[in-house]
Amino acid sequence: MASSAAAPKRLVVLVSGSGTNLQALIDGIDAVGSDAYGAEIVAVGADRSGTAGLERAERVGLRTFVCRVQDHPTRAEWDRALAEAVAAYEPDLVISAGFMKIVGKEFLARFGGRTVNTHPALLPSFPGAYGVRDALAYGAKVTGCTVHFVDDGVDTGPIIAQRAIEIRDEDHEDGGDALHERIKEVERKLLVEVVGRLARHGYRIEGRKVSIP
Ligand code: GRF
């Protein structure tokens with residue numbers, strides 16, 4: 001991606017659930033304006049309808065689309081449809097913000113190297129859909145969050161930034177809900193900071209190493 005051009009970079013944000021990471025991006029951009037932030041959200045996509053995440057987008061007048069796996073005969077066709085829906089908005093970056101689906105070949109052929117995901121654990125520890133619960137079950141004393149580029153594995157792509165969060169004894173009592181909330185507080189700030197830096201400064205991915213000038 002070219003380094004800071006005049007026009008804000010175009011973001012498509014993908015969500016599945018409550019969309020608090022999406023909200024943080026909306027608020028972060030709103031706070032300073034898209035020119036100063038370096039990016040604007042041009043659309044929000046989801047793999048299911050009727051979620052709080054989509055409502056957050058609609059509330060502020062963002063364009064939305066839904067691409068559900070069950071509406072396509074095969075997973076590959078869903079993946080192609082998702083890639084086409086995203087491509088229609090000509091994004092510079094795609095942000096998977098609590099999007100609970102693994103994208104496939106077609107999607108990565110078009111958006112590999114510019115799709116960013118946020119994960120609630122310190123990768124490469126505890127990848128997958130249960131990163132918070134798995135860290136607790138393992139007895140880890142420290143976990144955190146990771147913002148990384150998406151590749152063809154499950155949470156295996158090059159790491160952009162991470163933050164650590166301590167696990168407390170009492171976190172074992174509620175199955176990780178309070179811990180996940182503490183992680184999400186840090187995760188949202190990190191995502192807003194990282195996306196802005198990528199958009200404003202550009203970046204290089206060499207092997208596993210990501211550098212932002
Ligand atoms: C985040 O912790 C994300 O890392 C995980 O699911 C959570 C999504 O939260 N995959 P939200 O929908 O942004 O509130």
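All values below come from the heavy atoms of this structure, side chains included, with hydrogens, waters and symmetry mates left out. First listed ligand is number 1; within each ligand, the first listed atom is number 1. For the single chain, residues carry numbers from 1 onward in sequence order. Note that the coordinates shown come from a computational prediction; the quantities given were computed from them, not determined experimentally.
- Contacts with ligand 1 closer than 4.0 Å are made by side-chain heavy atoms of His180 only, the backbone lying farther away.
- Summarising the geometry, atom OG1 belonging to Thr146 is positioned 12.0 Å from atom CG belonging to Leu191; distances are rounded to the nearest 0.5 Å.
- Nearest protein heavy-atom contact of atom 6 (O) of ligand 1 is Gly98 CA, 4.1 Å.
- Few gaps surround CG on Asp71; more than 12 heavy atoms of other groups in view lie less than 6.0 Å from it.
- When each of Arg204, Arg208, Lys209 is checked for a side chain to side chain donor-acceptor pair (under 3.5 Å) with Glu206, only Arg204 meets the rule.
- Summary of contacts: the protein heavy atom closest to atom 9 (O) of ligand 1 is Lys184 NZ, 3.1 Å.
- Scanning the protein heavy atoms around atom 4 (O) of ligand 1, the nearest turns out to be Glu187 OE2, 2.4 Å.
- Leu108 and Leu123 end up in different hydrophobic clusters when Ile, Leu, Val, Met, Phe, Trp and Tyr side chains are linked at under 4.5 Å.
- Closest heavy-atom approach to atom 14 (O) of ligand 1 within the set Cys145, Ala24, Ser18, Ala52: this belongs to Ser18.
- When each atom of ligand 1 is checked for a heavy atom of His119 under 4.0 Å away, the hits are 4 (O).
- Rounding to the nearest 0.5 angstrom, the gap separating the CD atom in Gln162 from the NE2 atom in His119 is 10.0 Å.
- Judged by the shortest distance from any of its heavy atoms, Val15 lies outside the 4.0 Å radius around the atoms of ligand 1.
- For ligand 1, the polar-atom distance check against Met100 finds no nitrogen or oxygen pair separated by under 3.5 Å.
- Looking at atom 12 (O) of ligand 1, its nearest protein heavy atom turns out to be Gly19 N, 2.8 Å.
- The aromatic rings of Tyr89 and Phe65 sit parallel to each other, their planes meeting at less than 30°, with 60° as the upper class boundary.
- Less than 4.0 angstrom separates some heavy atom of Thr20 from each of these atoms of ligand 1: 11 (P), 12 (O), 13 (O), 14 (O).
- Interatomic distance, Lys101 NZ to Arg68 CZ, rounded to the nearest 0.5 Å: 10.5 Å.
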